[in-house]
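Step one of this worksheet: look at the structure below.
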Amino acid sequence: MSAPTVPSPILAPPHVLSLLLRLHALSITQENMLDRDMFRLDPKISRTQNFRDIMRDKFIALEQDKCHFVYQLCLAINAKNIVEAGTSFGVSTMYLALAIGRNLEATGGKGVIIATENEASKAEKAREHWKEAGEIVTKYVELREGDLRETLKADLPEIDLLLLDIWAPMALPTLKLVQPRMKKGAVVIVDNTIGSALAYKDLLAYLRDPESGFTNLTLPYSNGLEMSVYMPMK
Ligand SMILES: C[S@@+](CC[C@H](N)C(=O)[O-])C[C@H]1O[C@@H](n2cnc3c(N)ncnc32)[C@H](O)[C@@H]1O
């Protein structure tokens, strides 16, 4: 008797599934060669030029199991407008675009994944990957190149989900920019909230303040994945 296979929620053509697998594998290989303490211990490190230089050719993609969760969550909440803070080479973007496509097919309307990346070479590589995936992804992606503290200042639709997969000091400023456009029940996902708890100190204090309007739950994915729901009283 063969072992039961683990189900995957992702519905996509075979070439997209194998592209995603290939990119996750590349990302893991790179990360295994990185000194992870660099991220965890010094919240200011990501502001240095040396850090940017090291990271310029690194994926640091959201892990596959977390991507599957976020995709499934997008289906559950019928997410159509999403902001992704931190796009890198475009891996998590593809899952979000696929989920938006499925939601639009099921319930109609319009949708977009607003991707953000400030390294031009990473943005270019992300576009290549999306092109390889094809229209099923490119149709829904709007890439805003540059510092997201500028690029997210205007023209945001009502947001269903915000993925914060970004250097820790950028997370709280991003949330504050997007929050006024978040609908009631919008979800904020933050990666590595256990592994990088120190670096995320300000963000977590903001989210967990009893007056914040957010309900918070730390999911037991590796290094923690925070799922916060925006439920303001008024
Ligand atoms: C962890 S990676 C994102 C990985 C991506 N979500 C994925 O799963 O493939 C974080 C990315 O955020 C980008 N970034 C950092 N600060 C930024 C800023 N101020 N504006 C836009 N992008 C930024 C970095 O260049 C990096 O590529």
Side-chain angles (χ1 to χ4, degrees), residues 10 16 19-31 34 36 38-40 43-71 73-74 82-99 113-130 132-133 137 141-154 156 161-178 188-193 195-196 199-200 203 221-226:
I10 315 300
V16 178
L19 169 66
L20 290 169
L21 280 180
R22 192 179 92 220
L23 299 182
H24 279 299
L26 284 170
S27 181
I28 288 168
T29 305
Q30 281 183 338
E31 277 194 53
L34 272 178
R36 298 293 300 178
M38 201 164 57
F39 298 87
R40 272 186 213 116
K44 288 192 277 319
I45 188 111
S46 60
R47 296 202 176 97
T48 64
Q49 188 56 42
N50 184 37
F51 179 89
R52 280 188 72 169
D53 291 343
I54 294 171
M55 288 302 160
R56 193 158 292 122
D57 66 343
K58 306 294 183 300
F59 279 81
I60 321 286
L62 194 67
E63 292 95 319
Q64 188 192 41
D65 56 351
K66 295 175 183 172
C67 286
H68 284 194
F69 168 72
V70 174
Y71 173 94
L73 174 66
C74 287
I82 299 175
V83 171
E84 176 188 61
T87 289
S88 189
F89 296 144
V91 178
S92 50
T93 327
M94 288 194 262
Y95 288 92
L96 298 169
L98 290 169
I113 155 75
I114 298 172
T116 58
E117 182 50 60
N118 65 344
E119 296 290 348
S121 57
K122 291 188 127 183
E124 198 183 317
K125 200 81 196 157
R127 279 197 198 93
E128 278 173 32
H129 293 147
W130 300 334
E132 189 176 332
V137 164
V141 182
E142 176 191 327
L143 175 60
R144 297 194 183 179
E145 254 190 87
D147 190 327
L148 50 67
R149 289 168 294 183
E150 291 302 320
T151 63
L152 292 180
K153 265 185 182 161
L156 290 181
L161 185 132
L162 166 66
L163 172 62
L164 290 171
D165 188 21
I166 185 110
W167 310 151
M170 298 297 144
L172 183 54
T174 308
L175 175 61
K176 286 182 176 171
L177 269 180
V178 177
V188 180
I189 296 288
V190 194
D191 190 27
N192 283 331
T193 48
S196 299
Y200 278 129
L203 173 78
Y221 285 95
S222 93
N223 291 315
L225 188 74
E226 198 78 0

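One is the number of the first residue; the rest follow in order along the sequence. Whatever order the structure lists ligands and atoms in, that order sets their numbers, starting from 1.
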>> Working note: S27 + Q30, criterion side chain to side chain donor-acceptor pair (under 3.5 Å); need CA distance, chi angles, decisive distance, verdict.
In response: CA-CA 5 Å; S27 181; Q30 281 183 338; 5.2 Å; no

>> ring-ring contact (aromatic ring centres under 6.0 Å, His included), that's the test. Do F89 and H24 meet it? Break it down for me.
In response: CA-CA 11 Å; F89 296 144; H24 279 299; over 10 Å; no

>> Is there a side chain to side chain donor-acceptor pair (under 3.5 Å) between E84 and S92? Walk through the geometry before answering.
In response: CA-CA 8 Å; E84 176 188 61; S92 50; 2.5 Å; yes

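Each of the atoms 5 (C), 7 (C), 9 (O) of ligand 1 lies under 4.0 Å from some heavy atom of T87. Of all the atoms in ligand 1, the ones that sit under 4.0 Å from a non-hydrogen atom of L62 are 7 (C), 8 (O). The distance from ligand 1 to the heavy atoms of M170 drops below 4.0 Å at these ligand atoms: 16 (N), 19 (N). Of all atoms in ligand 1, numbered sequentially from 1 with element shown, those under 4.0 Å from a heavy atom of A61 are 7 (C), 8 (O), 9 (O). Those atoms of ligand 1 that come under 4.0 Å of a heavy atom in I60, given as number and element, are 1 (C), 2 (S), 4 (C). Ligand-side atoms of ligand 1 in range of G146: 20 (N), 21 (C), range being under 4.0 angstrom from any heavy atom. Atoms of ligand 1 lying under 4.0 Å from any heavy atom of W167, numbered from 1 in the order shown and given with element: 1 (C), 10 (C), 15 (C), 16 (N), 24 (C), 26 (C). Close approach of ligand 1 to K122 (heavy-atom distance below 4.0 Å) involves ligand atoms 26 (C), 27 (O).
Among T174, D165, D147, the residue whose heavy atom lies closest to atom 2 (S) of ligand 1 is D165. Of the options M55, E84, E117, the smallest heavy-atom separation from atom 26 (C) of ligand 1 is shown by E117.
The closest donor-acceptor contact from the side chain of E145 to the backbone of N118 lies at 3.5 Å or more, if one exists at all. Distance alone, capped at 3.5 Å, places no donor-acceptor pair between the W130 side chain and the V141 backbone. Checking side-chain atoms of E63 against main-chain N and O of D65 turns up no donor-acceptor pair under 3.5 Å. When atom types are taken as modelled, the side chain of Y221 and the backbone of E226 share no donor-acceptor pair closer than 3.5 angstrom.
Between I114 and T151, the closest side-chain pair of non-hydrogen atoms is not below 4.5 Å.
Geometrically, ligand 1 and E119 share no nitrogen or oxygen pair separated by less than 3.5 Å.
Scanning the protein heavy atoms around atom 18 (C) of ligand 1, the nearest turns out to be N118 ND2, 3.5 Å. Looking only at heavy atoms of the protein, atom 7 (C) of ligand 1 is closest to S92 OG, 3.3 Å. Here the protein heavy atom with the shortest distance to atom 12 (O) of ligand 1 is G86 CA, 3.4 Å. Among all non-hydrogen protein atoms, the one lying nearest atom 20 (N) of ligand 1 is L148 N, 2.9 Å.
One distance of note links CG of L156 with CG of L162; it measures 10.0 Å at 0.5 Å rounding.
With sequence neighbours excluded, the residues that form a side-chain contact (heavy atoms from CB on, under 4.5 Å) with S121 are R56.
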